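Single-structure report; data block below.
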Amino acid sequence: MLVFEKSRPGRGVSALPECDVEILCPEDKDLRKTELHLPEMAEVDLSRHYTELAHKAHGVNDGFYPLGSCTMKYNPRVNEKIAALPGFTDIHPLQPVRTAQGCMKVIKETSDALCQITGMSDFTLQPAAGAHGEFTGLLLIKAYHLANGDTQRTKIIVPDSAHGTNPASAVMAGMEVINVDSDDKGLVDLNKLREVCEVNDEIAGLMLTNPNTAGLFDPNIKEITDIIHQCGGQCYYDGANLNAVMGWARPGDMGFDCVHLNLHKTFSTPHGGGGPGSGPVGCKEHLAKFMPGVKVVDFDEHSNTNMLSFAKAEESLGEMKNFYGNFLVAVKALTYIKMLGKQGIPEASKNAVLNANYMMNKLKGAYDMAFDPKVCMHEFVMDLSRQAKETGITAMDIAKGLLDNNIHPPTMYFPLTVHEALMAEPCETESKETLDHAIDVFLQLNELAYHDPEKLHQAPVTTPVTRLDEVGAARHPILKYEF
Ligand SMILES: *Cc1c(COP(=O)(O)O)cnc(C)c1O
């Protein structure tokens with residue numbers, strides 16, 4: 001039941017003091033013509049309403065949630081506590097810099113830490129999401145080519161294993177996308193890449209996700225970036241999800257010129273319904289002069305103080321967002337980085353990779369693994385084509401079966417290169433007991449597929465709603481309550 005349906009006239013939770021100033025009414029033309037339908041409820045009913053809604057959803061606090069860092073890994077509570085400190089919340093972006101030194105220090109320390117983690121020399125926190133970061137990075141590459149007089153460099157290579165936002169961002173940046181297929185191991189096909197790059201002075205660069213969207217680290221990564229550089233292109237690293245490599249391998253060392261990170265994935269800040277995102281962009285020195293926004297620098301040469309101050313890049317491409325990006329997201333990410341420290345960052349990656357490999361190996365046999373890798377990185381992709389052919393049970397049916405076992409389904413039908421894909425990313429925080437339980441459930445569901453598929457077709461039966469008309473919901477969404 002919606003909050004509007006529970007509303008009863010006259011009930012409420014507000015207790016405003018009597019007005020002690022003159023009441024001024026806007027002019028008639030500015031007054032609303034229809035009634036304002038605010039729900040009217042007692043506090044207890046409102047409180048129950050939200051608790052009831054919470055019970056209907058499955059979150060990371062309810063049980064295993066193998067959508068991993070890419071969607072929502074466990075976000076330590078301390079991040080929220082720090083980000084709620086009044087020194088961080090009660091500020092204004094236009095207040096004098098001498099009164100905002102602490103917040104500026106956060107921006108600087110976050111940028112510096114991200115530089116160290118990625119092997120870049122400069123970072124901007126302005127972009128508000130991963131795709132926004134991609135767009136920013138591509139504009140940097142574009143500015144670089146234009147400054148060199150290379151106006152014809154408008155084509156960007158995007159392998160078919162890329163995240164869907166990559167080609168979209170490239171088109172937004174006014175570039176033409178050249179698709180390069182993966183080989184049968186799910187990696188970039190070097191021969192095809194060489195073919196595209198041969199005598200092509202129109203190549204602006206390459207966008208790559210590594211580990212790729214199938215959870216595989218491309219062993220030819222250095223060769224790939226060399227091929228692009230040899231033809232005069234720039235290399236962009238989609239680092240939305242750094243969970244597998246942070247503290248172990250750096251995009252900068254792999255030969256990439258710029259990178260974006262999703263603080264709202266790897267660096268544990270809630271997103272989606274839970275909060276705003278942040279997709280900082282890092283670059284090497286030759287791109288730094290085009291960076292957007294302002295950078296926090298050690299001191300202001302002109303005023304000769306040792307306060308932190310702001311500086312704009314020489315040929316800055318402008319503003320990607322107002323002021324300093326989603327600042328509180330950076331506070332949370334910096335808290336996470338500082339809590340883990342130099343030892344904890346690589347350890348988190350190590351556990352994420354270990355957990356994914358443990359699960360993958362226990363499920364091998366029952367489930368076919370796409371590209372059948374010996375080891376995976378932070379995630380692995382099951383391919384249920386065999387089950388679909390032999391039993392009629394699809395990735396969707398297994399996902400629905402998981403719901404009845406209090407497990408959130410993994411990512412379904414992605415990557416697109418695998419037909420009946422279930423992509424699981426358990427993450428570093430899950431215990432062996434949780435993984436063992438999830439493995440048991442996956443194995444039981446596979447048994448059920450072969451022995452009682454009809455039962456799986458019925459799933460889920462324990463959730464507030466069962467199978468939904470997903471096509472109908474996508475085609476005819478009802479997004480507004482009609483009074
Ligand atoms: C999530 C993701 C993105 C997009 O990030 P948004 O914040 O959703 O815009 C891009 N690339 C990869 C690999 C991702 O996982």
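First listed ligand is number 1; within each ligand, the first listed atom is number 1. Predicted, not measured: the structure shown is a model, and the values here were computed from it.
- Note on ring orientation: taking the six-membered ring where Trp is involved, the planes of Tyr324 and Phe310 are parallel (angle under 30°, cut-offs 30° and 60°).
- Among the atoms of Ala131, some N or O lies under 3.5 angstrom from an N or O of ligand 1.
- Note: an N/O pair closer than 3.5 Å links Asn262 and ligand 1 by distance alone.
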Begin with the C-alpha distance, continue with both residues' side-chain angles, and end with the deciding distance and a verdict on salt bridge (Lys or Arg N to Asp or Glu O under 4.0 Å) for Glu430 and Lys73.
CA-CA 10 Å; Glu430 298 300 343; Lys73 68 180 184 181; over 6 Å; no
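- You'll find the side chain of Ile228 reaches within 4.5 Å of the side chain of Leu193, heavy atoms only.
- From Thr434, atom OG1 reaches atom NZ of Lys432 across 11.0 Å, with rounding to the nearest 0.5 Å.
- For ligand 1, the polar-atom distance check against His260 finds no nitrogen or oxygen pair separated by under 3.5 Å.
- Atom 11 (N) of ligand 1 lies below 4.0 Å from at least one non-hydrogen atom of the protein.
- Remark: ligand 1 and His132 share no N or O pair separated by less than 3.5 Å (distance only, no angle test).
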Start with the C-alpha gap between Lys265 and Glu379, add the side-chain angles, then the distance that decides, and say whether salt bridge (Lys or Arg N to Asp or Glu O under 4.0 Å) holds.
CA-CA 14 Å; Lys265 286 181 180 172; Glu379 61 196 4; over 6 Å; no
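- For the residue pair His229/Asp257, the side-chain donor-acceptor check at 3.5 Å is satisfied.
- Close approach of ligand 1 to Thr165 is summarised as follows: ligand atoms under 4.0 Å from at least one heavy atom of the residue are 3 (C), 4 (C), 10 (C), 11 (N).
- Heavy-atom distances between Asp238 and ligand 1 reach below 4.0 Å in at least one pair.
- Proximity of His264 to ligand 1 is established by a heavy-atom distance of less than 4.0 Å.
- Residue contacts with ligand 1, taken as heavy atom pairs separated by less than 4.0 Å, do not involve Thr213 at all.
- Close approach of ligand 1 to Glu134 (heavy-atom distance below 4.0 Å) involves ligand atoms 10 (C), 11 (N).
- Under the 30°/60° scheme for interplanar angles, the aromatic rings of Tyr367 and Phe442 are found to stand perpendicular.
- From Asn241, atom CG reaches atom CG of Asn262 across 8.0 Å, with rounding to the nearest 0.5 Å.
- Distances below 4.0 Å separate heavy atoms of Ala129 from the following atoms of ligand 1: 7 (O), 9 (O).
- In terms of protein heavy-atom proximity, atom 6 (P) of ligand 1 is closest to Gly130 N, 3.4 Å.
- The part of Ala240 lying near ligand 1 is the side chain, judged by heavy-atom distances below 4.0 Å.
- The protein non-hydrogen atom at the shortest distance from atom 2 (C) of ligand 1 is Lys265 NZ, 2.4 Å.
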Decide yes or no on salt bridge (Lys or Arg N to Asp or Glu O under 4.0 Å) for Arg467 and Asp397, but give the supporting numbers first.
CA-CA 10 Å; Arg467 296 230 181 177; Asp397 296 316; 2.9 Å; yes
